[in-house]
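Letters go in sequence order (proteins before strands), and every chain restarts at 1. These numbers come from the heavy atoms of this one structure, side chains and all, not from hydrogens, waters or symmetry mates.
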There are 2 protein chains.
Amino acid sequence: MTAPRVDRSAGLARFSFNQATSMNWPLEEAVAACADAGVPGIGLWREPVGAYGVERAARLVRAAGLTVTSLCRGGFFTADDWRAENLRAIEEAATLDCPVLVLVSGGLPAGSRDLDGARQRVADAIAELAPHATAAGVRLAIEPLHPMFCSDRCVISTLGQALDIAERFETEAVGVVVDAYHVWWDDTVHQQIARAGERIAAFQVCDWITPLPEGVLLGRGLPGEGCIDLRGLRSAVDTTGYTGPIEVEVFHGDVWARPGREVLAASVEGYLRHVL
Amino acid sequence: MTAPRVDRSAGLARFSFNQATSMNWPLEEAVAACADAGVPGIGLWREPVGAYGVERAARLVRAAGLTVTSLCRGGFFTADDWRAENLRAIEEAATLDCPVLVLVSGGLPAGSRDLDGARQRVADAIAELAPHATAAGVRLAIEPLHPMFCSDRCVISTLGQALDIAERFETEAVGVVVDAYHVWWDDTVHQQIARAGERIAAFQVCDWITPLPEGVLLGRGLPGEGCIDLRGLRSAVDTTGYTGPIEVEVFHGDVWARPGREVLAASVEGYLRHVL
């Protein structure tokens, strides 16, 4: 008897590398490395893509045989120019053949304590954007962020809250992002994932490590480095019938300081060992 | 017509100063300053009280005419000696004539990803402690901590979760702590406060400010410095019929560096202007 062979390329069928995991890696190099590694998908961010050129990025990714699995991000609905910015983001997603635009809602306006009001404005903004997104063939995906970001980045703090808004719209128009880092602590997360069902537009993974750094943004671990039951969450997401991409998305200064190919390899390893 | 006079001493009737707000202030000075300022209550911590002497602290506080409104903290149920430590904490609360022992559950055991298991152990530990606490005339108060502390300090992350456990016991035996800092972001917090009703054993306030510092523990603002609708939460708590103390409890390095009397005065002002 021989040990079962791990079929690495089958294992990578749903893997996507979010470019923010290696934020300083030039897009051309990241795309080439993904193609070399048999990685089928890449998650992109508007700023680096805009700097490279959206049309040009679309051609680059297509030529490499990759799929853009998500575009980060629309949202930030408290900004004065939220409407124009989000319409531009929808257009960029369409140009990239990217089916999912991630929405991070933004926090409280400066000086405000009106959390309910801010949350209501998110729902109103999405109602305004949804027809434009649908017309462009792009699905809006509401991402709840960890409650530690509630005041300054995202007033949508739980999957349940994201679904409360998403469910006002057609399933195909507005979905949700399940990001393990943001929802793992929630004692209702398995129920909410089941409730989400076909609303799951994207699934992202990284790990929870402590101590959190100042500002708490760049404190994420590679899959397996922390305490999140990533396999359990992946299994719950799969149970809904979701067969889409699983993006590794890590923000950490130490990870950003490493060579891109090394980070991609570590992401793949973490994914195969701790997520799949 | 004259402007209504603010009755300052009536305004302070429910005010309590948590000693952790000025962590380096010697207990004798803090107690004397509270008495001078007409502050009726003080929240104590086990470590400084233990260093001063529990019996001695009880006499000091009693002689000053103050009430101990809460003792922080029992819990940390993942520690090897959790049982002995918590029995000792119950005894200390009784000695201090303190009706409420705050329980901070502790995080995940090192290397564990079993969050459900850790949460189950909290419920089991409380079941074991509750009869001892009741016999000592002390109420156990489960404190949900902000989800950013889930892995390393407290696996009880929401008021709803705390109530799910507390409700297994007699109302007088096990209650919950409503700390504005930990629960303000929760879109169900008003429902959960209403649900809590007579389970509310303590109500604590401070404010949410950003950026969070490294480790996120010492990042709290004085009432009014941040974005929490403290008056709204206080009103929700009062609506349940809660007439108990309202503790100002702030952890911040900058606040700890200020003279204790100045911090006490700032806490009183913040309370009168932003909570009451």
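- Remark: side-chain polar atoms of A:R113 are paired, donor with acceptor, to backbone N or O of B:G224 under 3.5 angstrom.
- When heavy atoms are compared at a cutoff of 4.5 Å, B:H274 approaches chain A solely by way of its side chain, counted from C-beta outward.
- Taking the side chain as every heavy atom from C-beta outward, B:W208 and A:L108 never approach each other to under 4.5 Å.
- Of all the listed residues (A:G219, A:C150, A:G232), the one sharing the greatest number of non-hydrogen pairs under 4.5 Å with chain B is A:C150.
- Minimum heavy-atom separation, A:E214 to B:P211: OE2-CG, 4.5 Å.
- Heavy-atom pairs under 4.5 Å with chain A were tallied for B:G160, B:G111, B:G107, B:G226; the largest tally goes to B:G226.
- Summarising the local packing, CG of A:D80 is surrounded by 12 or fewer heavy atoms from other residues, nucleotides or ligands at distances under 6.0 Å.
- In this structure, A:E198 places its CD atom where only 12 or fewer heavy-atom neighbours from other residues, nucleotides or ligands lie under 6.0 Å away.
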Side chain to side chain contact (heavy atoms under 4.5 Å, CB included) between B:T210 and A:F149, intermediate numbers included: CA-CA 9 Å; B:T210 55; A:F149 296 115; over 6 Å; no

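- B:E170 CD: 12 or fewer foreign heavy atoms inside a 6.0 Å radius.
- Contact detail for A:S151 and B:C227: the closest heavy-atom pair is CB-SG, 3.6 Å.
- Contact annotation: the side chain of B:M148 never approaches that of A:P147 to less than 4.5 Å [non-hydrogen atoms, C-beta and beyond].
- Put simply, the side chain of A:D114 does not reach to within 4.5 Å of the side chain of B:D229, judged on heavy atoms.
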Would you check, one step at a time, whether the test side chain to side chain contact (heavy atoms under 4.5 Å, CB included) holds for A:W184 with B:L115? CA-CA 9 Å; A:W184 72 279; B:L115 192 49; 3.7 Å; yes

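- Side-chain contact check for A:L212 versus B:L212: every heavy-atom pair is 4.5 Å or farther apart.
- Of the listed residues A:V216, A:I228, A:D152, the one with more heavy-atom pairs under 4.5 angstrom with chain B than any other is A:I228.
- Distance check, rounded to the nearest 0.5 Å: CG of B:D187 to CD1 of A:I156 gives 8.5 Å.
- Pairing each heavy atom of B:R119 with each of A:D186, the nearest pair is NH1-C, 4.2 Å.
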